[in-house]
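Notes to accompany the following structure.
Protein chains get the first letters and strands the later ones, always in sequence-line order, with residue 1 at the start of each. Just so it is clear, the structure is predicted and the values come from calculations on it, not from any experiment.
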Amino acid sequence: MQNNGKIKITINNQSYDVENKLTILHATQQNDIFIPHLCFHPELSPYGGCRLCIVEVDGVKGYPTACTTQVKDGMTIRTHSKILQEMRTEILQLILSEHPSACLICDEAEECSDYQGTIRKVGFTTGCRWCPKDKDCELQKVVEYLKIDEIEFPVYYRNLPVEKKDPFFDRDYNLCIYCGRCVRICHEHRKSSIISLNNRGRYSTIGPAFNQSHLDANCEFCGACVSVCPTGTLSEKTKKWSGIPEKYNSSICSLCGLNCDIQILTKENKVIGTLPLGDPHLTGGELCVKGRFCLIELVNNPDRILEPQYQFPEGLGFITWEEAFLKASDKLKKADGNKVAVYLSPNLTLEEIVAAKQFAQQVIKTINITSSVLTNNLIPYISLAEKSISIEKIEKSESIISLFLNGNYNYAPVTLAIKRAAEKGIPYLQIGWINDTTSRFASHHLTPETGKEKEFVKEIVESFEKGKEVSPEISEVMKLFKDSSSTIILGPTILDLTEAKEILRNIEKIIKLTGSKLFVLNPYGNLPGLLSSVDLKPHQDILDKISKGKIDSLYLIGDSPFKKRPNVNFIIHQSPFPPSEKLKPDLILPTATWSEISGTYVTLTDKRKKLKAVVKTSEKVLSNSAIFAKLAKKLGKQELKFNKKELSKLIPKKLTIKLPEFNSKPKKNIVQIKTRAFPYTLIQEKNLYTYMGMYLNQLIEGLREIEPEETLIINPIDASKFDIQNGDNVMLKSHKISKKYPVVLRKTISPGFIRLITSNKTFEFETNPCPVKIRRVNV
Amino acid sequence: MKNLKKKITKIFKEFTVDEENLIPILQKIQAEIGYISKQGVEEIANFLRITEGQVYGVASFYSQFRFTAPGRHSIKVCLGTACHVRGSQNILEEFKRWLLIEPGETTEDKMFSLETVNCVGACALGPIVIFDNEYHGHMRIKSVDELIQKYRTEYETEREVDK
């Protein structure tokens with residue numbers, strides 16, 4: 001043993017000093033000696049499945065695998081002896097005998113790839129030219145390294161059907177080499193364990209239990225398995241035939257308030273995919289489905305508007321930018337500043353927001369600046385967020401309590417932190433009706449009684465204040481608060497509850513009384529940036545003004561607050577996406593968006609994150625700031641500058657969230673309690689996840705499948721009582737309203753609860769949560 | 001359904017929440033209920049705080065666990081070396097042809113479930129088939145149908161006697 005914990009080993013007759021407790025593979029990698037491997041992943045536990053990394057060690061019988069054997073002092077290792085290479089060749093041939101490989105070993109492979117000269121030589125499913133991973137495949141690289149040109153074993157094609165039914169990625173297990181990387185990353189890194197190696201021997205399969213679909217098995221679609229697959233077995237639907245990316249650009253995701261770091265894969269001035277940071281072939285699991293699969297579908301969406309349009313008396317028509325500026329400036333020149341309302345989207349960058357603010361205040365001269373997300377419930381919610389801690393601190397707290405968190409398809413870094421913490425033994429308590437990815441790690445799962453959510457929180461407060469006696473359920477919560485410094489994680493589902501304000505007020509009290517920390521989940525990308533740099537009016541105030549006729553023009557910048565055209569004279573819709581059908585704006589101005597512009601996003605803890613421009617837009621699409629600059633010039637305000645340098649000067653050094661005061665009249669909320677006649681609880685949720693005013697699940701098919709709108713989400717246990725199948729129609733009946741809905745069965749909702757997501761501004765049923773009964777509609 | 005849950009919860013009482021207990025629990029459930037149902041996997045996963053995928057991954061690895069309800073009679077066809085040499089594959093094919101099921105499945109009328117085993121230690125009698133606990137040595141293709149009919153008639157007479 002040498003000093004500083006290093007030991008001496010000999011690899012291929014050369015001696016090296018390496019750290020103790022390394023595996024042989026790590027030691028060789030550190031010293032730039034290449035050993036072929038397929039199943040090895042640096043962050044996962046060693047598996048020793050592919051057997052390609054076998055080495056010779058003096059004094060050790062047989063050929064140990066380098067990835068599972070630890071180095072010992074004085075070890076003599078040979079990595080490339082003749083017999084080893086021969087054995088590796090044979091092992092690889094065994095792997096290839098079950099992996100379509102005709103093209104890998106074909107004499108004409110090189111010419112064929114350029115000219116496809118031998119197109120009909122092999123069945124189309126077996127050719128490498130038809131594999132999505134062609135030229136980016138680890139198996140291909142090992143074949144090249146070991147120079148295999150024939151396979152001595154009989155070739156066996158498994159002939160499994162390609163699984164295409166699940167959203168976002170396809171699975172062709174005929175190409176699988178059973179390296180187990182996907183299973184291990186799902187289990188060890190993401191801690192979801194949705195897929196496993198099933199059956200045995202040549203009948204082995206990979207997938208969820210009982211051949212369920214990934215969707216039914218509660219897969220989160222984080223895409224970790226897709227990134228780490230060394231072959232073409234798992235492939236993203238959107239990226240399948242894009243080939244090898246030219247560039248990996250670091251940027252951020254803009255679809256929720258966490259603003260995760262990502263890398264954007266580009267090729268030929270086009271975004272072809274997104275990944276979490278790290279080695280593109282080994283990274284995965286840090287993002288949610290939105291960051292991993294939805295961003296690319298947003299920016300390449302066929303619905304995007306790419307040319308300015310004007311509502312002529314005869315209908316909508318394309319116009320040039322010059323005409324568009326003329327028409328807009330004509331209107332804005334005549335308009336009375338106070339009669340114009342400017343709407344801003346929380347997905348705009350900080351630079352765009354200050355540009356819009358400058359334009360609204362100094363060119364239009366209006367004080368009516370708002371955002372449609374600024375509802376009356378959001379204001380107390382975000383005001384709590386001022387005390388929000390940074391995400392790294394979640395894992396360091398002594399206990400974690402999540403309130404109304406739905407982490408299956410959102411907030412991956414937070415759910416991962418919870419799962420990691422719970423695995424370390426930190427008590428985790430989940431309150432709510434969702435059975436998400438963290439539920440399995442919860443030491444307790446509490447569901448407040450229907451209609452008594454407020455009482456639930458109130459009881460905790462009163463017990464602290466007056467030492468009131470509580471139910472055994474709540475005493476569990478109390479114990480956590482009393483024994484440890486806990487972190488409360490607050491999910492945005494709370495915003496939709498009838499008594500949201502009262503609950504939030506009580507939570508505030510709890511935090512004051514217990515001194516626990518808070519982490520508020522913000523569903524809107526750059527909401528902190530928007531709130532801290534502009535004095536916004538509450539959305540309700542503007543709506544009141546519109547209904548009183550005090551507003552006659554609307555300038556919607558990335559926001560889409562109305563489904564139907566309100567009673568105004570002129571509407572400018574400035575967004576990358578088209579307006580809703582019945583809005584009928586007079587002027588449509590297409591803008592550049594995520595990945596096409598650079599800018600700054602702000603998180604709730606005032607962390608600035610940089611969004612980078614990685615592709616160029618078509619000439620007919622302008623950035624928001626460019627549009628403001630041109631319009632300001634047309635309106636005689638040349639002195640205003642909208643370039644990047646000037647705009648960044650306008651951004652305040654320290655951003656503090658400013659919330660408008662809202663004077664809502666105290667309203668008596670009616671709540672209903674679950675009764676025998678209405679045994680189920682309906683949870684209505686507003687569709688929260690938007691980008692530039694567009695509902696993500698309306699824009700992206702896969703997300704629509706995961707979280708369908710206007711569809712009841714029911715637990716299979718409840719469904720079996722009524723013999724309800726996926727896609728059946730169900731009559732939902734509350735005290736006042738009855739309505740028919742289609743049904744999907746998901747285990748993400750606890751039994752006894754029904755979820756209904758809607759993008760309407762108001763809820764269909766009278767209270768939320770609402771006691772209901774269900775009945776299958778007979779056809 | 002509820003009955004099943006009761007039985008399973010009773011079994012759980014004997015075990016602690018520890019992943020190591022997975023196989024003993026699976027064995028106990030198989031012994032008491034006869035097979036590992038979808039609901040069973042779900043309950044085990046909830047009890048041990050692991051996922052259904054993990055339970056199924058382990059259970060499907062071992063051939064001792066079955067995932068379909070067993071029939072009234074179990075048929076085990078030996079495919080061990082000695083039986084194989086004497087043509088047990090053909091016997092299995094004949095059973096498959098008569099019962100219209102694959103090994104590991106149960107007939108629609110829940111009468112027979114077909115399984116394969118690898119040697120039962122009676123190689124001299126090969127090819128051997130085990131009906132419940134009755135050993136039938138020196139099987140012929142012809143006797144497959146006879147055996148099936150024999151058990152069917154037995155069952156029917158039993159039912160008539162009951163009436």
Side-chain angles (χ1 to χ4, degrees), chain A residues 178 180 182-188 190-214 216-220 225 408 419 422-423 425 428 430 435-445 715-721 723 745 747 750-751, chain B residues 1-6 8-9 12 16-23 25-26 29-30 33 35-69 79-80 92 102-106 114-118:
Chain A
Y178 298 100
C182 52
V183 175
R184 280 179 291 153
I185 202 154
C186 190
H187 174 62
E188 289 175 26
R190 184 78 188 189
K191 304 189 196 305
S192 299
S193 310
I194 297 300
I195 50 174
S196 55
L197 264 164
N198 300 329
N199 300 322
R200 190 175 33 159
R202 60 179 274 215
Y203 303 106
S204 294
T205 55
I206 286 176
F210 295 105
N211 287 329
Q212 293 175 80
S213 69
H214 280 54
D216 288 339
N218 276 2
C219 174
E220 296 166 65
C225 49
N408 244 22
K419 287 192 268 190
E423 226 174 37
Y428 166 55
Q430 192 177 26
N435 242 331
D436 69 354
T437 164
T438 63
S439 300
R440 189 160 63 89
F441 294 84
S443 42
H444 293 280
H445 192 156
N715 190 291
I717 294 174
D718 292 334
S720 67
K721 287 179 196 159
D723 199 14
L745 312 186
K747 283 180 214 147
S750 302
Chain B
M1 283 283 258
K2 266 196 181 153
N3 216 350
L4 192 71
K5 195 174 173 172
K6 244 186 214 164
I8 293 175
T9 350
F12 286 158
T16 52
V17 179
D18 188 346
E19 262 181 70
E20 280 174 15
N21 286 335
L22 176 56
I23 292 174
I25 289 176
L26 283 167
I29 289 182
Q30 166 114 336
I33 298 162
Y35 72 112
I36 313 286
S37 65
K38 231 175 174 178
Q39 199 196 343
V41 169
E42 227 176 284
E43 301 281 346
I44 297 170
N46 284 341
F47 175 69
L48 293 178
R49 315 179 123 245
I50 52 180
T51 63
E52 286 170 44
Q54 284 170 294
V55 177
Y56 184 75
V58 170
S60 64
F61 179 85
Y62 297 101
S63 53
Q64 60 169 305
F65 298 119
R66 51 178 305 143
F67 298 99
T68 47
L79 293 182
L92 181 67
E102 291 291 313
E105 292 178 353
T106 305
L114 187 60
E115 271 168 73
T116 61
V117 288
N118 298 319

Report the distance from atom CG of A:N199 to atom OH of B:Y56, rounding to the nearest 0.5 Å. 5.5 Å
Give a yes or no on this: more than 12 heavy atoms of other residues, nucleotides or ligands lie within 6.0 Å of atom CG of B:N46. yes
Taking everything shown except B:E20 itself, do over 12 heavy atoms lie less than 6.0 Å from its CD? no
Proximity breakdown for [X] and chain B, heavy-atom pairs closer than 4.5 Å:
{"X": "A:Y203", "result": "neither"}
{"X": "A:L197", "result": "backbone"}
{"X": "A:S204", "result": "neither"}

Mind checking whether B:F67 and A:F210 have parallel, tilted or perpendicular rings, split at 30° and 60°? perpendicular
What are the two closest non-hydrogen atoms of [X] and [Y], and how far apart are they?
{"X": "B:Q54", "Y": "A:R440", "result": "OE1-NH1, 4.0 Å"}
{"X": "B:G53", "Y": "A:S196", "result": "O-OG, 2.7 Å"}
{"X": "A:A442", "Y": "B:R49", "result": "O-NH2, 2.5 Å"}

Using the rule side chain to side chain contact (heavy atoms under 4.5 Å, CB included), only one of A:S192, A:C186, A:S193 pairs with B:T51; which is it? A:S193
